[in-house]
Undergrad: 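After the structure tokens below, expect a handful of questions from me.
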Amino acid sequence: MAELKKNFPIRKKAKKEASETQEPKKTWWVQIRLFPIWLRIVIVIALIALAAVLGAMVGFGVIGDGKPADALKWETWQHILDIMSGK
């Protein structure tokens with residue numbers, strides 16, 4: 001064990017000398033995006049809109065007493081807005 005501790009600094013020094021003689025490797029990293037940022041934003045907005053539509057359909061048709069397709073009609077939203085505004 002004492003022998004190992006005594007030789008450790010020598011090994012470390014030898015490793016350091018070997019790394020100094022070698023030329024550093026140049027690595028060129030080019031990142032290519034599969035989808036541009038603007039397309040990612042459009043996809044996220046579309047997914048949010050889809051989730052809102054599906055949520056309205058589930059809320060209106062499954063949880064409520066209506067038909068899920070009625071959640072997409074303008075008359076339904078006009079009725080909801082009339083209730084909210086107090087008309």
Side-chain angles (χ1 to χ4, degrees):
M1 187 75 162
E3 226 177 77
L4 192 64
K5 286 183 181 179
K6 187 169 44 170
N7 291 335
F8 180 70
I10 295 170
R11 288 182 188 173
K12 189 174 180 183
K13 200 181 272 187
K15 189 175 181 181
K16 186 177 180 183
E17 289 172 3
S19 67
E20 288 176 357
T21 59
Q22 294 175 354
E23 292 183 21
K25 293 182 180 179
K26 292 182 180 179
T27 56
W28 298 96
W29 184 263
V30 177
Q31 183 178 3
I32 300 173
R33 293 188 175 114
L34 291 176
F35 301 108
I37 293 176
W38 64 269
L39 184 60
R40 292 179 191 184
I41 293 171
V42 169
I43 289 172
V44 167
I45 290 171
L47 288 175
I48 290 172
L50 181 67
V53 168
L54 290 177
M57 290 177 74
V58 168
F60 194 77
V62 177
I63 297 173
D65 292 333
K67 296 178 185 174
D70 287 344
L72 303 177
K73 293 182 180 176
W74 174 249
E75 293 82 22
T76 305
W77 290 101
Q78 187 64 46
H79 180 70
I80 292 171
L81 293 174
D82 289 342
I83 292 172
M84 289 174 52
S85 64
K87 292 182 183 177

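Throughout, residue positions are numbered sequentially from 1 according to the sequence presented.
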Undergrad: Suppose we screen for side-chain contact (heavy atoms from CB on, under 4.5 Å). Which residues come up paired with L54, at least two apart in sequence or across chains?
TA: L50

Undergrad: Which pair of non-hydrogen atoms, one from G59 and one from I63, has the smallest distance, and what is that distance?
TA: O-CB, 3.5 Å

Undergrad: Could I get the full list of side-chain contact (heavy atoms from CB on, under 4.5 Å) partners for V58, not counting sequence neighbours?
TA: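 Only V62 meet the side-chain contact (heavy atoms from CB on, under 4.5 Å) criterion with V58.
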
Undergrad: Could you list who else is in V44's hydrophobic cluster, with ILVMFWY side chains joined at under 4.5 Å, directly or through other members?
TA: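 Hydrophobic cluster check, V44: joined to I48.
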
Undergrad: Name all pairs fulfilling the salt bridge (charged side-chain N to carboxylate O under 4.0 Å, His left out) condition that reach into residues 74-87, sequence neighbours left out, sorted by first residue then second.
TA: none

Undergrad: What residue pairs, at least two apart or across chains, pass side chain to side chain donor-acceptor pair (under 3.5 Å) with a residue in residues 33-47?
TA: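 Non-adjacent pairs meeting side chain to side chain donor-acceptor pair (under 3.5 Å): zero.
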
Undergrad: Could you give all pairs that pass the side chain to side chain donor-acceptor pair (under 3.5 Å) test and reach residues 51-71, with sequence neighbours left out?
TA: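 Checked against side chain to side chain donor-acceptor pair (under 3.5 Å) - neighbours excluded - the pairs reaching residues 51-71 are D70-K73.
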
Undergrad: According to a 4.5 Å side-chain heavy-atom criterion applied to Ile, Leu, Val, Met, Phe, Trp and Tyr, with indirect links allowed, do W74 and M84 form part of one hydrophobic cluster?
TA: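 The answer is yes; both residues are in one hydrophobic cluster.
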
Undergrad: If only atom types and distance count, is the side chain of W77 paired as donor or acceptor with the main-chain N or O of A71 below 3.5 Å?
TA: yes

Undergrad: Is there a path of hydrophobic side-chain contacts, each under 4.5 Å between heavy atoms of I, L, V, M, F, W or Y residues, that connects F35 with I32?
TA: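 Not linked; separate clusters.
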
Undergrad: Quick one: hydrophobic cluster around I37, which other residues, with the 4.5 Å side-chain cut-off, linked directly or via members?
TA: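 ILVMFWY cluster around I37 also holds I41, I45.
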
